[in-house]
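Report on one structure; see the data block that follows.
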Amino acid sequence: MLEIEFKNLEEEFLNFTRHTYLMLNESIKGVLEKDESLLKKVIIDENKANSFEVSIDEKITFILAKYEPKAKDLRKILMIHKINNDLERIADLATHIAESGHILISFSKIIEAYSKDLKNMNDFTLKMFNDSIKSFVEEDYDLCIKIINDDDKVDNLRKKILSKILLNIQKDPENVSIYLYIEKISKNIERIADLITNIAEDVIYIVKGENIKKENIE
């Protein structure tokens with residue numbers, strides 16, 4: 001029965017969102033706290049993220065083939081498929097953050113200079129992530145618009161970090177490679193925020209049947 005299959009699909013999808021959220025949170029926490037065990041856990045957890053993606057794709061294929069859903073049901077399934085891919089990419093980026101964190105562990109004084117800014121950037125991104133999943137569950141159009149507009153704040157936080165990095169490279173050129181790893185982490189967080197914005201746009205498509213892009217929002 002389509003209703004039961006839909007419920008099972010949504011349950012696994014939401015479990016995937018929780019797993020991805022945890023990976024993102026733990027990756028930055030591991031970097032800032034120089035916690036090698038937490039960073040290793042994030043890297044290992046990528047395998048589970050990949051398994052979630054494959055399983056959800058299989059469920060979607062089964063539903064499409066057996067039930068041939070129409071209208072809003074079809075839109076929702078297609079958008080879950082797209083969001084599923086975005087979640088896998090977010091998990092990949094969280095893993096990249098953890099990998100950079102391993103290298104930065106030996107440079108605690110340098111990373112501490114960026115701790116507050118990276119934490120602020122990540123906290124805001126995590127809030128966007130939570131809101132995107134809430135908007136999916138509640139089909140909240142207004143919350144989607146807020147998420148899309150909030151992406152600019154993450155971009156501004158990254159610009160702040162990048163400006164600080166450029167200044168410090170001039171003062172401390174011997175550690176340029178270390179500063180570039182910090183820049184890479186901030187860039188990956190920004191990319192995650194962009195993917196979360198994509199999720200909000202997908203939810204709008206589910207709710208309204210409208211394709212909407214950030215640049216078209218006033």
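Just so it is clear, the structure is predicted and the values come from calculations on it, not from any experiment.
Atoms CG and NE2, on N85 and H81 in that order, are 5.0 Å from each other to the nearest 0.5 Å. For the atom pair CG of D140 and CG of D131, the computed distance is 9.0 Å after rounding to the nearest 0.5 Å. Atom OH in Y21 sits 4.5 Å away from atom CG in L126 (nearest 0.5 Å). Between the CD1 atom of I60 and the CD1 atom of I80 there is a distance of 6.0 Å, given to the nearest 0.5 Å. Taken to the nearest 0.5 Å, the CD atom of E10 stands 9.5 Å off from the CD1 atom of I77. Within the model, atoms CD of E99 and CD1 of I43 stand 5.0 Å from one another, a figure rounded to the nearest 0.5 Å.
Counting heavy atoms from C-beta outward, I192 and I97 have side chains that approach closer than 4.5 Å. When side chains are defined from C-beta on, I90 counts as touching I196, because their heavy atoms get closer than 4.5 Å. For the pair I147 and S135, the minimum side-chain heavy-atom distance is below 4.5 Å. Residues V203 and M79 are not in side-chain contact: their nearest non-hydrogen atoms beyond the backbone lie 4.5 Å or more apart. At least one side-chain heavy atom of L87 sits less than 4.5 Å from a side-chain heavy atom of F129. In this structure, the side chains of N84 and E88 stay at 4.5 Å or more apart for every pair of heavy atoms. Counting heavy atoms from C-beta on, the side chains of I111 and L118 come closer than 4.5 Å. Contact annotation: the side chain of I145 approaches that of I204 to within less than 4.5 Å [non-hydrogen atoms, C-beta and beyond].
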Evaluate the salt bridge (Lys or Arg N to Asp or Glu O under 4.0 Å) criterion for residues D117 and K160: first the C-alpha distance (whole Å), next the side-chain angles of each, then the deciding distance (0.1 Å), finally the verdict.
-> CA-CA 8 Å; D117 291 331; K160 179 181 177 183; 3.3 Å; yes
Could you give me the CA-CA distance, side-chain angles and deciding distance for T197 and M128, then say whether side-chain contact (heavy atoms from CB on, under 4.5 Å) is met?
-> CA-CA 8 Å; T197 300; M128 287 176 64; 3.9 Å; yes
Evaluation steps, side-chain contact (heavy atoms from CB on, under 4.5 Å), between L39 and I105 | CA-CA 10 Å; L39 296 172; I105 280 178; 3.8 Å; yes
N50 and E46: side-chain contact (heavy atoms from CB on, under 4.5 Å), yes or no, with the steps?
-> CA-CA 6 Å; N50 293 336; E46 185 185 14; 4.1 Å; yes
Would you check, one step at a time, whether the test side-chain contact (heavy atoms from CB on, under 4.5 Å) holds for K146 with D150?
-> CA-CA 6 Å; K146 180 181 181 300; D150 280 348; 2.7 Å; yes
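Both I178 and V176 sit in one connected hydrophobic cluster of ILVMFWY residues. Membership requires side-chain heavy atoms under 4.5 Å apart, directly or through other members. Taking hydrophobic clusters as Ile, Leu, Val, Met, Phe, Trp and Tyr residues chained together by side-chain heavy-atom distances below 4.5 Å, I44 does not share a cluster with M23. L166 is not connected to Y181 by any chain of hydrophobic side-chain contacts under 4.5 Å among Ile, Leu, Val, Met, Phe, Trp and Tyr, and they are in different clusters. I56 and V137 fall within the same hydrophobic cluster, where Ile, Leu, Val, Met, Phe, Trp and Tyr residues are linked whenever their side-chain heavy atoms come under 4.5 Å apart, directly or through other members. If you chain together hydrophobic residues whose side chains sit under 4.5 Å apart, I199 and L93 fall into the same group.
Ion pairing between D155 and K159 fails under the 4.0 Å rule for side-chain N and carboxylate O. Here K127 does not pair with D123 in a salt bridge; the nearest charged N to carboxylate O distance is not below 4.0 Å. Comment: E12 engages K59 in a salt bridge, judged by a side-chain N to carboxylate O separation of less than 4.0 angstrom. Between R89 and D86 a salt bridge is recorded (basic side-chain N to carboxylate O distance below 4.0 Å).
Closest approach of L38 and G30 over heavy atoms only: CD2-N, 3.8 Å. The nearest pair of heavy atoms linking A200 to I148 is CB-CG1, 3.9 Å. The two atoms that bring A98 and S27 nearest to each other are N-CB, 4.3 Å, heavy atoms only.
Between the side chains of D45 and H19, no donor N or O sits under 3.5 Å from an acceptor N or O.
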Name every donor-acceptor pair, under 3.5 Å, that has one atom in a side chain of residues 182-190 and the other anywhere in the protein, sequence neighbours excluded.
{"unit_1": "E183", "atom_1": "OE2", "unit_2": "R158", "atom_2": "NH2", "d": "2.1"}
{"unit_1": "S186", "atom_1": "OG", "unit_2": "E183", "atom_2": "O", "d": "2.8"}
{"unit_1": "N188", "atom_1": "ND2", "unit_2": "K184", "atom_2": "O", "d": "3.4"}
{"unit_1": "E190", "atom_1": "OE1", "unit_2": "R158", "atom_2": "NH1", "d": "3.2"}

What donor-acceptor contacts under 3.5 angstrom involve side-chain atoms of residues 62-75, with partners at least two apart or in another chain?
{"unit_1": "Y67", "atom_1": "OH", "unit_2": "M1", "atom_2": "N", "d": "2.8"}
{"unit_1": "K72", "atom_1": "NZ", "unit_2": "E139", "atom_2": "OE1", "d": "2.7"}
{"unit_1": "K72", "atom_1": "NZ", "unit_2": "E139", "atom_2": "OE2", "d": "3.4"}
{"unit_1": "R75", "atom_1": "NE", "unit_2": "Y205", "atom_2": "O", "d": "3.0"}
{"unit_1": "R75", "atom_1": "NH2", "unit_2": "I206", "atom_2": "O", "d": "3.0"}

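Within the structure, ring pair (Phe, Tyr, Trp, His ring centres under 6.0 Å) contacts touching residues 86-116 (residues at least two apart or in different chains) do not occur.
Within 6.0 Å of the NZ atom in K48, the count of heavy atoms belonging to other residues, nucleotides or ligands does not exceed 12. Heavy atoms from other residues, nucleotides or ligands lying under 6.0 Å from NZ of K34 number more than 12.
Less than 6.0 angstrom separates the ring centroid of F136 from the ring centroid of F13.
Between the side chain of S55 and the backbone N or O of S51, no donor-acceptor pair lies under 3.5 Å.
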